[in-house]
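Computation of the quantities below employed the complete heavy-atom set of this structure, encompassing side-chain atoms and omitting hydrogens, waters and symmetry-equivalent molecules. Whatever order the structure lists ligands and atoms in, that order sets their numbers, starting from 1.
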Amino acid sequence: TAEDGYALWLRYAPLTGSAKERLDQFNPVVVQTGEADPSVKVAEEELRRGLTGLLGHVPASSGGSPIVLACNDGSSGARGHFNVAAHQQANGRSLLAISAADSVGCLYGAFALLRELSLGRDPATVELAQAPAMPLRMLDHWDNPDGTVERGYAGRSIFDWWHLPEELSPRMIDYARANASIGINGVVVNNVNASPLFLTERYLPKLKRLADAWRPYGIRLYISVRFSAPIEVGGLKTADPLAPQVKAWWKAQAGKLYQAIPDFGGFLVKANSEGQPGPQDYHRTHAQGANMLAAALGNRGTVIWRAFVYASSGETDRVKQAYEEFKPLDGKFAPNVILQVKNGPLDFQPREPFHPLFGAMPHTRMMLEAQITREYLGQATGIVYLAPLWKEVLDAPTGHGATVAQVIEPTGMAGVANTGSDRDWTGDQFDQANWYAFGRLAWSPALSSDQIAREWVGQTFSRNPNFVRQLVPMMLSSRQAVVDYMTPLGLAHQMGTGHHYGPAPWVCTLDRPEWNPCYYNRADAEGIGFDRTRSGSDALAQYAPSVAAQWADPRTMDENDLLWFHHLPWSYRTQSGKSLWDELISRYDRGVAAVDSMAREWQTLQPYVDHERFVDVASSLAIQRKEARWWRDASIAYWQSLNHLPLPAGERPPE
Ligand code: GCW
């Protein structure tokens with residue numbers, strides 16, 4: 001049953017064929033270092049576990065090729081870097097050395113070696129030299145203390161605050177292994193819509209237990225903090241960041257945290273956004289708020305301040321707000337403050353142009369926030385592989401002399417986790433791939449979506465080349481499919497209110513203008529799209545001139561973002577030669593057809609997959625087929641109610 005997916009990509013399924021022969025012949029022996037370092041121990045344990053799986057038996061304890069961990073090799077470089085190399089010894093046998101400057105580097109090396117072996121590489125010729133591209137590779141959990149998960153679709157929270165600290169679920173260790181295997185080194189354990197409970201004495205031992213459990217895996221613990229906590233749990237009258245008693249309170253909290261958790265990572269803060277408290281409540285700036293918390297942490301930790309802010313915008317274009325609030329604060333943040341910016345300026349839509357803040361604040365440390373949980377992308381159903389979405393953003397030239405990846409590389413990347421207590425962790429087998437891909441891209445944004453998919457498929461399902469050859473392209477095209485059937489041609493924010501599942505482009509009566517899908521589609525009898533050029537909201541002006549120029553002309557721009565930037569008549573001639581109306585419809589159809597073909601192809605892959613997971617994915621794809629039709633048909637029906645245009649002639653994919 002492949003444990004119904006619980007093992008994630010760490011299945012270590014027995015090798016077969018020539019890969020098995022090679023490993024058998026190599027006959028690996030994990031050499032006991034006798035080192036007391038907990039990370040080294042964990043690395044040895046994982047090597048033994050992994051090799052046992054791959055060999056189909058416990059590895060020999062002598063007489064084979066030694067695997068040696070050298071975790072203090074005197075090298076310098078990024079923390080976490082490692083080398084793995086096979087050498088020929090005098091006795092004719094090989095020796096595999098995993099070396100690194102620190103023990104966590106060794107652990108990463110062990111996982112990397114196991115990945116290579118899992119994919120069938122020859123142990124005698126393994127040669128790896130890797131270093132993480134960025135220092136912070138984080139998961140942000142939107143988990144609440146009561147066990148619910150905001151925008152979580154995989155069951156209740158994996159964190160059992162009720163039974164901690166006495167009880168530590170073994171799942172917390174498997175979670176750490178999974179993270180370490182892809183290089184994740186920071187975890188924010190609670191929702192950014194933060195409960196102040198995490199700053200109470202009661203929670204401190206719980207946090208400490210987790211931090212202690214994860215330390216060997218190279219994971220530092222962070223918490224989200226509520227800006228008004230000094231009032232709610234501190235008994236103060238104010239949370240004004242300039243008030244001495246407020247500063248003293250935060251300093252005392254930080255002191256307690258560091259006493260219990262010496263390597264505590266720091267605070268993540270959502271302030272003055274969607275009703276959360278913040279420094280603006282006291283007429284202070286984001287920088288004043290962030291710097292006060294940064295002073296409380298001192299050089300021990302980091303304040304990660306979110307740039308996702310919006311308050312009732314009246315007539316302003318919502319996508320402009322973060323830039324307007326933060327750009328003037330460039331250079332005003334303390335050195336241990338990082339600004340965390342979502343990939344796009346709206347909110348984790350199936351496709352958005354990259355956020356204009358990237359590259360625009362050269363004197364501010366900036367990291368990228370991606371969403372692994374698929375809030376707006378069908379939630380945990382079907383196949384939607386997100387690496388291509390993230391790559392699109394990472395590879396985008398900002399026009400400020402760097403790509404988005406280059407802007408964030410000195411700092412890091414955070415992903416909103418998609419984990420829950422479901423047996424398969426993520427609510428859907430294929431959503432595991434997104435957790436995996438996020439970690440791999442944070443480790444190295446230069447990896448291709450294709451390579452990451454191959455790695456994941458081979459470790460998680462089957463190494464059979466026919467299987468990999470068929471499945472990987474399905475994954476690679478799945479993101480464009482969801483864009484096509486939900487919001488083609490640059491449309492965005494067309495989903496149902498509140499739950500964000502399913503189409504609702506007609507909704508126009510919500511209290512705040514920027515909550516309404518109609519605010520984003522601006523469709524009427526004549527046309528559709530949001531004019532963000534000079535004649536409209538001029539959000540385009542927030543981008544570097546070279547980038548703004550590329551989006552300014554609807555006739556030459558990449559039409560994937562067409563209606564994000566332009567309001568156009570239904571009769572507008574698109575680059576395909578079709579009218580906008582016909583092009584829109586052909587894209588919706590293309591999305592539906594892509595899902596149909598994924599479902600069909602999956603059926604042919606049955607021989608390669610265990611029954612449980614085969615059925616699980618097949619059922620999930622059946623839901624996605626329904627969703628795709630629902631999005632297409634409801635959207636088209638609504639546009640038709642405005643423009644009264646006929647459907648173009650042509651064939652529909654079979655129902
Ligand atoms: O995407 C939106 C979500 C909210 C979330 C918010 C944020 C945690 O709908 O649920 O709140 O973004 O990122 O703060």
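- Near E150, the atoms of ligand 1 lying under 4.0 angstrom from a non-hydrogen atom of the residue are 4 (C), 5 (C), 8 (C), 10 (O), 11 (O).
- Within the listing of ligand 1, atoms 6 (C), 7 (C), 12 (O), 13 (O), 14 (O) sit less than 4.0 angstrom from a heavy atom of F308.
- For ligand 1 and D347, the ligand atoms under 4.0 Å from any heavy atom of the residue are 1 (O), 2 (C), 12 (O).
- Considering CG of L394 and CZ of F354, their distance stands at 12.0 Å, rounded to 0.5 Å.
- Screening R351, R587, R632 for a side-chain contact (heavy atoms from CB on, under 4.5 Å) with D484, the sole residue that qualifies is R587.
- Atoms of ligand 1 lying under 4.0 Å from at least one heavy atom of N191, given by number and element, are 8 (C).
- Under the rule for a side-chain contact (heavy atoms from CB on, under 4.5 Å), the partners of A271 that lie at least two apart in sequence or sit in another chain are V269, P279, W305.
- Annotation: W456 is in aromatic contact with F430 [ring centroid separation under 6.0 Å].
- Listed by number with element, the atoms of ligand 1 under 4.0 angstrom from any heavy atom of E375 are 1 (O), 2 (C), 3 (C), 9 (O).
- The protein non-hydrogen atom at the shortest distance from atom 6 (C) of ligand 1 is E274 OE1, 3.2 Å.
- Aromatic ring centres of W564 and W551: separated by at least 6.0 Å.
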Which is it for R220 and N185 under the side-chain contact (heavy atoms from CB on, under 4.5 Å) test, yes or no, and what are the steps along the way? CA-CA 6 Å; R220 287 176 78 174; N185 67 352; over 6 Å; no
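- Under 4.0 angstrom from ligand 1, the non-hydrogen atoms of Y376 all belong to its side chain.
- Closest protein heavy atom to atom 12 (O) of ligand 1: K342 NZ, 3.1 Å.
- Short contacts between ligand 1 and K270, defined as distances under 4.0 Å to a heavy atom of the residue, involve ligand atoms 6 (C), 7 (C), 8 (C), 11 (O), 14 (O).
- Between Y175 and H141, a ring centre-to-centre spacing shorter than 6.0 Å is recorded.
- At least one heavy atom of R306 sits closer than 4.0 Å to an atom of ligand 1.
- Annotation for ligand 1: atoms under 4.0 Å from non-hydrogen atoms of H500 are 9 (O).
- Taking the six-membered ring where tryptophan is involved, the planes of F348 and W142 are tilted, since the angle between them lies from 30° to 60°.
- Summary of contacts: the protein heavy atom closest to atom 8 (C) of ligand 1 is N193 ND2, 3.3 Å.
- Ligand 1 places these atoms under 4.0 Å from at least one heavy atom of R151: 3 (C), 4 (C), 9 (O), 10 (O).
- No hydrogens or angles considered: nothing links the side chains of Q480 and Y485 as a donor-acceptor pair under 3.5 Å.
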